[in-house]
Amino acid sequence: MNKNFLFSALIISSGLFWQSCGSGDKPAKQQQGAGQEQPAVPVSTVAVEKQIVSGIKSYPGSVIPLQETKIFAEVSGYVTKINVTDGASVAKGQVLYEIDRIRYQAAVDQAKAAVEIAKATLQRGEKDLTRYQTLADKDAIAKQTLDNALTEVSNQKAQVQSAQAALTTAQTNLQRAVIRAPYSGVVGISMVRVGALVSPGTTEINTISTIDPITVEFQISEREIAEYAAYQSGKSATEISAVLPDGTTYTDFGRVSIIDRAVDPRTGTIAVRATFSNPQNVLRAGMNLTVNVKSTSSSEQAIIPFKGVQDQLGVYNVFVVNDSSQAEIRPVKLGLKVGENVVVESGVEAGEKIIVDGLMNVRNGAKVVENPPAANNAPQK
């Protein structure tokens, strides 16, 4: 019994000894690891400079004609003739389509006859009235007879006016059976063919639009309104070019001709239209292209290499090296892009250093060490 007790006590004391030794080692190791500092991250930096910059602002745009009209039938009937080919250039007043005119011509003839009948009836009534007035002066007829004659003549005059109005309506319908171009331009692909039945106001026949000059619409920020108003008035000069969908640049420059009346409160943008000459119809209605506007700042602006900017879901940031050689993340607002550089409207100041190389290994607050500056890292003047 005593031997078993002594053996158990020995085992327990040995376990406590080893546990105390192990727990004594751990803090020492942890303290040793905590004393080690993370190595500084090697990076390349560039100092923020201020310059008078001139560059290109690019905007997505779409071609919009100065005039574009959907052509509808104004009378009902069957299309009897199409006088223009699809996509052809047309002159103002040119006949495009003809709708069956037989019944409209018959309505005109009938209305003319009704006018003649009404006029003849009026002439007879006026002669009767003259005779009744002569007899009434001699008290040869009752006054009631004269009054009836006066009323009859008034009614007959109204009938003449009604017949003339019906004639005007019939003549208008006959004219509308011939559809003419409202202005010079280009028509699209016809929506109807010969023999088609059309209805007034509901059957779309074709679309016509002007081609020369033509406009390109794009959206600018509300902050740029004053700049573009100066372009529109001629107080400031600029060059506006259009890059076509195939990547080529349109031969002629445009000019700011229209600025919309109101800013869209949802986007903070406003529509601008630039007018281009388009004699060869290269710019087609609905075409999507890129508008490039040459812009020059009126004062010095902060400029940095664009490769130092990080885009995080539309929010732009840069890493600035502070006085403690630590990387400090800084949100920035970008402006005009100038080649490989970009204007910074806010977020950094001239003289501050931003990281341009080694960004993948940098975290906010990390220690950094600067590599010798490369010549191609500096903002190009």
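Separation of atoms CE (M191) and NZ (K70) is listed at 7.5 Å; rounding is to 0.5 Å. For the atom pair E227 CD and S221 OG, the distance stands at 10.5 Å (nearest 0.5 Å).
For the residue pair Q159/N155, the side-chain donor-acceptor check at 3.5 Å is not satisfied. Remark: the N148 side chain and the Q144 side chain contain an N/O donor-acceptor pair separated by less than 3.5 Å. Neither side chain, Y228 nor Q232, offers a donor N or O lying under 3.5 Å from an acceptor on the other.
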message: Run the side chain to side chain donor-acceptor pair (under 3.5 Å) test on E370 and T45 for me, step by step, so that the C-alpha distance in whole Å, both residues' side-chain angles and the decisive distance to 0.1 Å come before the verdict.
response: CA-CA 7 Å; E370 297 182 45; T45 63; 2.8 Å; yes

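Among V90, N206, I82, N83, the single residue meeting the side chain to side chain contact (heavy atoms under 4.5 Å, CB included) criterion with L96 is V90. Shown are V362, V318, N364; of these, the side chain to side chain contact (heavy atoms under 4.5 Å, CB included) with I329 is made only by N364.
Other residues, nucleotides and ligands contribute more than 12 heavy atoms inside 6.0 Å of the CG atom of D246. At most 12 non-hydrogen atoms from other residues, nucleotides or ligands lie less than 6.0 angstrom from NZ of K353. More than 12 non-hydrogen atoms from other residues, nucleotides or ligands lie less than 6.0 angstrom from CD of E204. For F72, the CZ atom counts as densely surrounded, since its 6.0 Å shell holds more than 12 non-hydrogen atoms of other residues, nucleotides or ligands. Within a 6.0 Å radius of NZ in K367, other residues, nucleotides and ligands contribute more than 12 heavy atoms. In the displayed structure, E349 atom CD is contacted under 6.0 Å by at most 12 heavy atoms of other residues, nucleotides or ligands.
Listed by chain and number, the residues in a side-chain contact (heavy atoms from CB on, under 4.5 Å) with Q133 are L129, L146, L150 (sequence neighbours excluded). Checked against side chain to side chain donor-acceptor pair (under 3.5 Å), N292 has the following partners two or more places apart in sequence or in another chain: S58.
Listed by first and then second residue, the side chain to side chain donor-acceptor pair (under 3.5 Å) pairs involving residues 177-201 are T69-Y183, D86-R193, Y97-S190 (not counting sequence neighbours).
Linking ILVMFWY side-chain heavy atoms closer than 4.5 Å, directly or via other members, places L334 and V46 in a single hydrophobic cluster.
Looking at every heavy atom in both residues, V216 comes nearest to V291 through CG1-CG2, 3.5 Å. Nearest heavy-atom pair across I214 and L283 is CD1-O, 3.5 Å. Across G347 and V332, no two heavy atoms sit closer than the pair CA-CG1, 4.0 Å.
Salt bridge annotation for R131-D128: present, with a cationic side-chain nitrogen under 4.0 angstrom from a carboxylate oxygen.
In this structure, the side chain of D264 does not engage the main chain of T269 through any donor-acceptor pair within 3.5 Å.
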